[in-house]
Student: 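One structure, pasted below without further comment.
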Amino acid sequence: MKKKQAEKIEEIMILRQTALAGVFAKAAAKTAVLTTQEAVSELRRGQYTISEWEGITEEITKDYASQIHKGGSLCIERIAKPAGDGHVAVSTKQTFIPWLTDMREREAADIIKLIAEAEANQVHPKNIAKQLNQYFTGTKHSAITAARTEAQKIRSDARSKAFEKAGVKYVQYIAAMDERTRPEHAARNGKIYKHEDAPYLGEYNCRCVLVPADYKVEEKGAKVEDTHEEVVPEKSPKAETKEAPEAEVQQPKEKQEPEWKEVNFENITTTKELKEALAAAYPNITLPLRALSRLDTTAVAQNFQKAEDMRRDFPEIAKEVTVLKTENEHSYAYTQPSHDLTDLRLVLSTRWFAKDKVEYFEESYKDQVECKFFPAGTTYKDTIAHEMGHVLEYTIIKKIYSDRDDIVNAWISCEVAEEIVQKAQAELREELGKDYDPALTALSISQYANKSDSETLAEALSDYYANRESAVLLSKKIVKYAKEKYKEVTE
């Protein structure tokens with residue numbers, strides 16, 4: 001490749017970076033407006049008032065635009081110091097990272113190499129164009145991931161500024177508490193900090209939030225932490241995102257088709273009764289007796305009873321749940337497909353569902369509802385109903401796609417949940433017109449619902465089946481479109 005060609009490519013990629021910076025800045029402005037309005041609405045429902053909050057959006061947008069046009073943004077850096085005995089002390093700090101410039105330089109080098117090799121092999125220009133098109137299609141995922149991370153940082157900054165303007169003095173740290181939560185984030189869950197000393201939010205795919213906690217400190221005397229440094233086992237933190245299914249190859253199993261029949265989980269008191277009821281409701285499920293013996297039978301039965309209405313409305317979900325497992329996890333429960341997609345595991349944590357832990361589980365969940373992290377009106381008995389929301393999403397995906405890679409990509413990208421949620425929000429905007437409240441987003445359901453479209457779907461289903469007509473308006477719309485999508489792919 002000639003030097004002038006390489007220089008021209010560099011020039012074009014710089015122009016592309018400038019254009020991307022403009023897109024990110026514009027998106028940041030929209031995100032800041034919506035998040036500020038949501039935060040202000042939330043604060044005004046509490047004991048706080050807002051003065052001069054209108055300047056929040058302008059301030060955040062200006063700061064971010066200045067950063068992104070320099071080729072990056074303030075990112076959250078994880079600082080880990082040796083703490084002995086196989087542990088590290090973890091804290092965070094903000095650092096400017098030129099990630100957009102790095103991405104541009106990396107892609108320019110890739111393109112120059114691609115064209116040079118193609119020309120050396122005498123590839124026809126039309127085929128070179130096809131290769132370039134394929135290359136840029138492949139980089140789309142990185143751009144989407146960057147956009148999501150930046151949007152989360154903007155949301156965190158906007159909420160923080162709104163808290164500052166409102167005079168919020170203390171905030172409580174709320175983590176997602178599932179298998180994808182970083183260990184230091186799990187350790188901070190529920191802790192209270194001075195607003196100015198709180199941990200930075202916005203790490204890659206972080207789903208944690210800060211909520212006002214003045215009343216807990218001033219009226220209930222809650223403890224205020226003097227540092228957000230946490231000592232955790234020395235290992236690489238898990239990325240807080242939907243993980244690809246774990247690598248475990250199993251022999252394919254012939255699944256039974258679900259035939260709806262009502263199963264009563266009420267008044268179940270023994271492991272044997274629970275196993276029989278689960279086998280009747282979920283015909284393909286494997287139930288290790290050892291796993292069941294670790295659990296509080298009544299708590300598990302009550303959870304599955306709350307999920308019965310969902311199983312009635314979406315009977316195909318019963319076919320997909322194939323393994324019930326227990327693990328000693330921070331999360332209450334989680335759902336994960338196996339590597340070869342032959343199994344969908346429902347995992348219950350013995351930290352919460354164990355026989356001597358349920359009372360603590362109930363109180364922990366109640367605290368999360370009080371902080372608006374989970375939907376109002378739900379209880380710990382709705383935990384499995386939430387997971388069935390993920391099972392429903394997975395069921396629809398498997399009805400749409402047959403190729404493994406397509407299924408995995410759809411699961412990770414939340415494309416089915418995104419479609420359902422967007423349709424629900426669009427209908428709300430159309431119905432309410434000028435009366436539409438921007439606060440009618442995922443945050444109207446719960447804080448956790450705002451983490452991803454997948455969690456919005458699961459939280460909406462949990463809210464709806466727990467509260468029915470008392471569920472929030474967005475939840476009811478989401479359930480409507482979930483039913484439509486389910487009917488579309490199963491008939």
Side-chain angles (χ1 to χ4, degrees), residues 1-28 64-65 67-78 95-153 203-205 236-249 337 339-341 397 400-415 418:
M1 173 181 285
K2 296 179 180 178
K3 183 178 179 182
K4 285 188 176 180
Q5 284 181 299
E7 290 175 350
K8 188 64 177 179
I9 290 172
E10 292 278 7
E11 181 182 333
I12 291 171
M13 294 302 290
I14 289 172
L15 291 174
R16 181 173 181 267
Q17 176 183 329
T18 302
L20 282 173
V23 171
F24 277 110
K26 188 175 181 180
Y64 183 77
Q67 296 171 34
I68 200 69
H69 283 294
K70 291 177 181 176
S73 61
L74 285 173
C75 298
I76 311 305
E77 184 179 355
R78 182 179 187 265
T95 305
F96 179 83
I97 296 178
W99 58 268
L100 188 56
T101 297
D102 292 344
M103 185 169 72
R104 183 256 298 170
E105 291 176 348
R106 184 173 60 251
E107 290 177 354
D110 288 344
I111 292 167
I112 290 170
K113 181 180 178 182
L114 185 155
I115 295 174
E117 289 179 351
E119 288 180 342
N121 293 320
Q122 297 182 339
V123 177
H124 192 280
K126 285 186 178 180
N127 290 329
I128 294 177
K130 287 182 181 179
Q131 291 180 26
L132 288 170
N133 185 53
Q134 291 172 352
Y135 175 82
F136 281 111
T137 298
T139 63
K140 182 179 178 181
H141 176 71
S142 297
I144 291 172
T145 301
R148 287 175 177 167
T149 302
E150 294 301 286
Q152 180 62 20
K153 286 191 292 187
E203 290 177 80
Y204 174 73
N205 277 327
S236 299
K238 299 177 185 177
E240 291 193 3
T241 184
K242 266 190 174 178
E243 295 176 351
E246 61 187 42
E248 181 178 312
V249 178
H339 177 72
D340 58 0
L341 305 182
I397 289 170
I400 297 173
Y401 299 109
S402 57
D403 180 76
R404 179 195 178 279
D405 289 342
D406 289 339
I407 293 171
V408 172
N409 289 335
W411 173 251
I412 294 174
S413 66
C414 312
E415 68 174 53
E418 181 181 18

Student: So how far is it from I397 CD1 to I412 CD1, rounded to the nearest 0.5 Å?
Tutor: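 The CD1 atom of I412 is 10.0 Å from CD1 of I397, to the nearest 0.5 Å.
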Student: CG/L132 to NZ/K130 distance, rounded to the nearest 0.5 angstrom?
Tutor: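 Here the rounded value is 12.5 Å.
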Student: I need the minimum non-hydrogen distance between A108 and I9, along with the two atoms involved.
Tutor: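 For A108 versus I9, the nearest heavy atoms are O-CG2, 4.4 Å.
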Student: Looking at OG of S73 and CZ of F96, how far apart are the two atoms once the value is rounded to the nearest 0.5 Å?
Tutor: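 Nearest 0.5 Å value for the OG-CZ distance: 7.0 Å.
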Student: Supply the atom-to-atom distance I115 CD1 to Q131 CD, rounded to the nearest 0.5 angstrom.
Tutor: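 It is 9.5 Å, given to the nearest 0.5 Å.
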Student: Quick one, E77 and I97 - any side-chain contact, counting heavy atoms below 4.5 Å?
Tutor: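 Side-chain contact under 4.5 Å: no.
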Student: Please report the shortest heavy-atom distance between A410 and Y401, naming the atom on each side.
Tutor: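 Distance-wise, the nearest heavy atoms are CB-CE1, 3.8 Å.
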Student: Just verifying a value: how many Å separate I112 CD1 and E7 CD, rounded to the nearest 0.5 Å?
Tutor: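 Interatomic distance, I112 CD1 to E7 CD, rounded to 0.5 Å: 9.5 Å.
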Student: Decide, yes or no, whether a salt bridge links K153 with E150 under the criterion of side-chain N to carboxylate O below 4.0 Å.
Tutor: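 Counted as a salt bridge, because a side-chain N and a carboxylate O are separated by less than 4.0 Å.
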Student: Between R16 and R104, is any pair of side-chain heavy atoms under 4.5 Å apart?
Tutor: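 No, every pair of side-chain atoms sits at 4.5 Å or beyond.
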Student: Of the non-hydrogen atoms in L74 and Q67, which two are nearest, and what is the gap between them?
Tutor: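 Distance-wise, the nearest heavy atoms are N-OE1, 2.7 Å.
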Student: Let me confirm one number: the NE2-CD distance from H69 to Q17, rounded to the nearest 0.5 Å.
Tutor: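 Interatomic distance, H69 NE2 to Q17 CD, rounded to 0.5 Å: 10.5 Å.
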Student: Identify the heavy atoms of I128 and A118 that sit nearest to each other, and give their distance.
Tutor: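 Scanning both residues, the minimum pair turns out to be CG1-CB, 3.6 Å.
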Student: Which heavy atom in W99 sits nearest to a heavy atom in I68, and how many Å separate them?
Tutor: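 Closest approach of W99 to I68: CZ2-CD1, 3.6 Å.
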